[in-house]
Amino acid sequence: MAVFDLALCTLILLAALAAVAGPGLFRAVVFFVVYGVLIALAWVRLGAPDVALAEAAIGAGLTGVLLLGAVGRLSRAGADEPLTSRIDWPVALAAGLVGAMLVWAVLSLAPGPGLAPAVAEILPQTGVENPVTAVLLNLRAWDTLLESVVLLAALIGLWPLARGGAWQAAAGPVHHALPDGVLAGFGRLLPPVALLVGVYLVWAGAYQPGGAFQGGTVLAAAGVLCVMAGLVRAPGMAAPLWRLALVAGPGLFLALGVAGMAFGGFLLFPTALAKGMILAIEMVLTLSIAVTLALMVLGPPEGGGAQ
Amino acid sequence: MLPAILKRAGLFSAIWIMLTGAAPDALAFGAAAVAAAVWLSLRLLPPVGTVRLLRMLALVPGFLWGSLSGGLDVARRAFRPRPGLRPGWVTFPTRLGGGARAALGGELSLMPGTLAAGCSDGRLIVHVLDTGAGFDQAIAQEERRIASLSHRA
Amino acid sequence: MSTWLAVLAVGLLGSLAAALWRVWHGPGQADRMMAAQLVGTAGVGLLLILWAMGERAALDVALVLALLAALAAVGFVKASSVDGAGDPEEEAPDPSMIKGRRHDP
Amino acid sequence: MTLDLLRLLLTIALTGAGLVFYVAGTLGLLRFPDTFSRLHALTKADNLGLGLLALGLAFQAPGWAEVAKLALIWLLALLAAGTVAQLVARAALGRGAR
């Protein structure tokens with residue numbers, strides 16, 4: 001498999017180079033989509049299937065839609081193809097420097113098992129069987145809590161770009177499709193299956209690779225497809241229930257973290273209750289992540305009526 | 001309405017079991033997920049008639065065979081020194097409505113020599129690899145098969 | 001068995017690499033997009049092989065990749081519609097392109 | 001011949017055939033003269049390749065659950081292929097995507 005790994009690394013570098021330095025926006029975006037598939041393979045080879053799952057869902061599903069939509073918009077505005085293959089030297093220098101530092105950091109890593117034994121030792125007290133979930137939602141819950149807040153902040157940052165300042169209107173442009181066409185047909189069939197897969201990934205997260213982020217991304221993709229197929233109107237931010245869906249995950253996480261203070265400290269989950277608490281956080285967080293990601297991909301409101 | 005709900009619930013339960021390998025502690029999660037999937041599917045695809053699931057199963061071998069010969073056909077052309085293509089377009093009137101038409105298009109795209117590009121003015125637009133080959137009857141036959149699946153109430 | 005799987009994986013990766021040529025050369029946007037689709041299908045195949053080699057979770061990664069395989073293409077056809085929010089099937093096809101035969105019963 | 005050997009041979013034969021179809025799809029994508037013919041090659045050959053690969057590997061699956069998941073993966077890939085072929089072909093028929 002050494003040949004395979006070497007070939008995979010070469011392809012990743014080629015795809016990355018073509019995406020960054022190749023001429024033409026559209027080509028760059030397609031190479032970025034391809035790069036996502038290759039990176040997912042690399043994560044599996046590195047024994048990190050959790051990351052591979054997230055990459056497959058985000059890279060293959062959502063970023064493609066987002067970036068291709070952006071290219072289409074630039075082209076309609078007559079502003080596409082501003083990219084020349086001219087290299088921006090200061091940026092290249094800075095990126096090269098960071099790259100060299102990363103290479104140095106990797107090479108200077110002491111060989112050894114890392115933190116895995118320490119996690120394995122404490123795993124029974126965390127309430128879950130998947131060590132990655134244990135780290136994300138118990139041992140380093142701070143990180144995950146802040147990440148979920150960052151996601152929300154990104155969406156709030158996107159909202160002021162609403163056309164005409166109507167940020168409470170339905171997200172994105174008003175999508176439409178031939179009601180009995182191919183696109184609508186696909187949009188009628190796939191989302192229920194995607195919903196099942198998304199919930200499955202959340203359930204699986206307690207035992208094996210999976211979790212709120214991966215599941216939420218798949219659910220977001222299902223929602224985006226429903227809207228893009230013209231079957232469901234995108235939600236608007238005037239609706240209190242949608243706002244609740246956005247903040248419920250980080251909110252519950254924060255509340256249970258504060259409750260943990262009764263047991264010794266912020267975000268400290270007592271072993272007996274940890275499983276239930278983590279499960280509750282995961283489920284509600286999945287919903288929030290799904291709604292946040294879907295609204296980000298659909299884009300700021302463009303003046304269509306809200307739901 | 002009830003038969004549609006039951007059929008879909010059965011189908012989604014089967015998918016859930018395929019996903020989880022019938023793990024017993026996944027059943028509660030599964031019940032909720034299947035209920036949500038049925039609700040979503042009824043909202044996206046309201047039942048307009050009955051779909052004959054058994055007859056659909058009966059069509060599977062024919063579909064697999066078509067898919068196999070479709071793959072063999074392009075593989076042969078791809079490996080030959082000269083692919084021998086005479087590509088062109090044909091348009092067909094179709095009476096199929098809604099999802100059935102998209103299904104026919106998708107199926108034709110996996111069969112030998114034909115590739116659908118949706119509809120326009122009630123005509124199915126089909127790209128064929130070899131305009132000299134007889135595909136008219138094959139397309140008509142697929143249309144009849146798909147039409148036999150649904151039964152409008 | 002594991003040798004055979006490794007051969008299979010390298011062969012499939014070679015097929016994937018050749019598709020990158022089409023992404024680079026196009027010429028049309030549709031050509032680049034379908035080459036990306038091929039990379040996705042080959043990626044699913046490679047994940048199945050990695051699963052057979054003992055990476056249990058690769059099967060779920062393949063599942064997610066196959067589930068969302070069409071999403072980028074859906075984004076592409078939406079973005080290339082007139083207003084960026086439509087459906088290519090709503091628009092009449094270019095008549096000069098399909099000047100082929102009409103078949104009527 | 002033992003059952004294990006038979007399973008091994010079936011796996012090798014089917015996955016080998018799957019690889020051939022993948023290569024055929026790629027060759028078609030590179031060699032066929034126009035966008036739509038290339039779309040034929042991609043849609044038909046690749047999904048047959050994936051199907052054969054999945055079927056071959058199913059003989060090595062530890063249990064029925066994995067076999068079921070392999071089948072589900074192939075079905076989803078087929079649905080995606082049938083949809084993408086039609087959508088991309090139609091988009092290429094319009095103005096923008098050529």
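Reminder, nothing fancy here: chain letters follow the sequence lines and each chain counts from 1. Not measured: the values here are computed from a predicted model.
The CG atom of C/Asp87 lies 4.5 Å from the CG atom of A/Leu183; values are rounded to the nearest 0.5 Å. The OH atom of A/Tyr200 sits 3.5 Å away from atom CG of C/Asp60, with the distance rounded to the nearest 0.5 Å. Atoms CG and CG, on A/Leu38 and C/Leu13 in that order, are 7.5 Å from each other to the nearest 0.5 Å.
Comparing A/Ala40, A/Gly61, A/Gly72 by how many heavy-atom pairs each has under 4.5 Å with chain C, the most go to A/Gly61. Heavy-atom pairs under 4.5 Å with chain A were tallied for C/Glu55, C/Arg56, C/Glu90; the largest tally goes to C/Glu90. Taking chain C as the reference chain and counting heavy-atom pairs below 4.5 Å, the highest number among A/Met228, A/Arg76, A/Met1 is found for A/Arg76. Among the candidates A/Ala194, A/Gly64, A/Gly69, A/Pro173, the residue making the largest number of heavy-atom pairs closer than 4.5 Å to chain C is A/Ala194. When each of C/Ala6, C/Ala36, C/Ala9 is checked for heavy-atom pairs under 4.5 Å with chain A, C/Ala9 comes out on top.
Looking only at side-chain heavy atoms (C-beta outward), C/Phe76 and A/Val30 stay at 4.5 Å or farther from each other. Taking the side chain as every heavy atom from C-beta outward, A/Phe31 and C/Leu20 approach each other to under 4.5 Å. Using a 4.5 Å heavy-atom threshold, the side chains of A/Leu201 and C/Val64 count as touching. Side-chain contact check for A/Leu190 versus C/Leu67: some heavy-atom pair is nearer than 4.5 Å.
Contact annotation for A/Val182: both backbone and side-chain heavy atoms come within less than 4.5 Å of a heavy atom of chain C. Looking at A/Leu8, both its backbone and its side chain come within 4.5 Å of chain C, counting heavy atoms on both sides. Proximity to chain A is absent for every atom of C/Leu5, based on heavy atoms less than 4.5 angstrom apart.
The two residues C/Met33 and A/Phe26 make their nearest non-hydrogen contact at SD-CZ, 4.3 Å. The two residues A/Ala221 and C/Leu68 make their nearest non-hydrogen contact at CB-CD2, 3.7 Å. For C/Gly43 against A/Val37, the heavy-atom pair with the smallest separation is CA-CG1, 4.0 Å. Taking every heavy atom of both residues into account, A/Val65 and C/Leu71 meet most closely at CG2-O, 3.5 Å. Residues C/Ala57 and A/Pro49 come closest through the heavy atom pair CB-CB, 3.4 Å. When all heavy atoms of C/Ala72 and A/Leu68 are compared, the pair lying nearest together is O-CD1, 3.3 Å.
No donor-acceptor distance shorter than 3.5 angstrom exists from the side chain of C/Arg32 to the backbone of A/Arg27, with no hydrogens or angles considered.
Enclosure of atom CZ in A/Phe4 by more than 12 non-hydrogen atoms of other residues, nucleotides or ligands within 6.0 angstrom is indicated.
Side-chain contact annotation: C/Asp83 with A/His176, donor-acceptor N/O pair under 3.5 Å present.
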